[in-house]
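Input: a single structure, listed below in C-alpha cells.
Indexing begins at 1, ligand by ligand and atom by atom, following the structure's order. Just so it is clear, the model here is predicted, and its values are computed rather than measured.
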Amino acid sequence: MTASPLAQLQEQTTDLLATVAAWQTLDELLEGEVFVTGKRSILSALQKSLGSLEPEARKGAGAQLQEARRSVEAAVAQKRAELESAARIVALEADRLDLGDVVSSAVRVPYSHGHPGIVAATQRELEDVFVGMGFRVADGPEVETDWYNFEALNIPPAHPSRGMWDTFYVELGDPETVVLRTHTSPTQIHLMEAAVASDSLPIHSVMPGRCYRRDTPDARHLAAFHQIEGLVVDRGITFADLAGVIDTFTKAYFGADMQSRLRPAFFPFTEPSAEFEITCTICRGEGCRTCSHTGWIELGGCGMLDPAVLAAVGIDGDEWSGFAFGFGIDRCAQMRHQIADMRALIENDVRFLRQLS
Ligand code: DAH
C-alpha cells in the first residue's frame, strides 16, 4: 500500500499559513495567492492526486484537504482585509489636508484680493468727475444700426468721412446695415430721441462704453476699446460752455496744474468741431518724445451739435443748442498711469495687473 498523499498535510498547511502571515503588502498577496490557494498551489496538486485513492480513503482525505484549504483561505482573506485597510490609511494620510499648513503658507504668500481692472477703475473715476460736474451717466447698445452709428450723426452712406471709422459689419443692408459701434456718439442719438419722446430736455449726460474698430492692435490702439461721450443740450449753450467743461474736467481728473486747449478739427456731427489737447502727462508740458516735443497730447474730439443732427432727432435748433465730446477711456488710463503699450491693458499679465492694484 502506498503512503497517503496527505501524509505531510499538517506541515504543508503550517508552511502555507506561515507564508501568508509573512506577506507585508497587497502586491505580495496578489502575487503569492496563486501559489498558496490557487491553481499552482500544493493544495490543488493534492486535490488532483486524490483520484488515485480507493473510494473509501478518498472520502476521508477529501474532507481533510477541504479543512486545510478552508483554514488557508481564511488566513488569506484575513490578510487581504488587513493589508487593504493599511493601504487605505496610507492613501488617506497622503491626501490629508492639514489646515495648519494652509494657514502657515498663507502667512508666507499673502492672499491677493481681486480688484477692478484699470480700465473699469478709470471709467468709474471719469464718471465720478462728470457726476460731480452735474452730468448723469447713461448707457447705449454696442450693436447699432447704420442709422445710429452714422446717418443720424450726419454721416451719409458712402460719405468719405466714414473712412475715419474702420467698421466691423454685423449685417449688410438687409433690411438694415448693422454694425458694432465704432464710437459712443450713437448713444447721443438714443438720448436725444428719448428726451424728445418724453419731453424731458435739457440733457447733461456722459455715456461710457465699449467700441470696436478694425484696427490692428498696437501701442496706441485696440480693436475693442472704451470711450466716454458727453452731451449737453440746453437753451443758450455756447462754445465757451464746452471749453469750460473740458478744462474743468482736465484739472479735476489729471491735476490742477494741467491745461487744456481746443484746436480746429472736423467731425461730421459737430460744427464747429475741435480736437482737445491737454498738457502732456509725461513731461508736464516741458516737451518730450511722447508729445513730439509740443508739450501737448490729444485726448479727444468735441464741438457744437450740428443742426443736421438736431434735425435728425426732431429737436428745434432755434430753441435748443448743445455740445458734445468724446474720448478714449483706455487712452486716459494709459496717460494717467504712463503705460507705454496699450496692449498691456488686455493681456491680463498678472505682474502688470498687480502694479496697478
Ligand atoms: N466720435 C468721435 C470719434 O470716435 C469722437 C468725437 C468727436 C465725439 C467729436 C464727439 C464729438 O462727441 O463732438 O472719433
request  = Please name all residues satisfying ring-ring contact (aromatic ring centres under 6.0 Å, His included) with His226, sequence neighbours left out, ordered by chain then number.
outcome  =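 Checked His226 against ring-ring contact (aromatic ring centres under 6.0 Å, His included); zero matches.
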task = Kindly write out the residues that satisfy ring-ring contact (aromatic ring centres under 6.0 Å, His included) with Phe150, not counting sequence neighbours, or none if the list is empty.
result =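 In terms of ring-ring contact (aromatic ring centres under 6.0 Å, His included), with neighbours along the sequence ignored, Phe150 is linked to no residue.
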request  = For Thr14 and Gln10, indicate whether the former's side chain and the latter's backbone hold a donor-acceptor pair under 3.5 Å.
outcome  =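 Side chain of Thr14 to backbone of Gln10, a donor-acceptor pair under 3.5 Å: yes, one is there.
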query = Below 4.0 angstrom, N of the basic side chain to O of the carboxylate: do Arg343 and Asp341 qualify?
reply = yes
request  = Give a yes or no on whether the ring-centroid distance for Phe325 and Phe249 is below 6.0 angstrom.
outcome  = no
request  = Kindly tell me which protein residues have any non-hydrogen atom under 4.0 angstrom away from an atom of ligand 1, grouped by chain and ordered by number?
outcome  = Trp165, His183, Ser185, Gln188, Arg213, Gln227, Glu229, Phe267, Phe269, Thr270, Gly301, Cys302, Gly303, Ala324, Phe325, Gly326
Throw together a table of side-chain donor-acceptor distances under 3.5 angstrom for residues 77-86, partners on residues two or more places apart or in other chains.
{"residue": "Lys79", "atom": "NZ", "partner": "Ala21", "partner atom": "O", "Å": "3.2"}
{"residue": "Lys79", "atom": "NZ", "partner": "Trp23", "partner atom": "O", "Å": "3.2"}
{"residue": "Arg80", "atom": "NH2", "partner": "Glu33", "partner atom": "OE2", "Å": "2.3"}

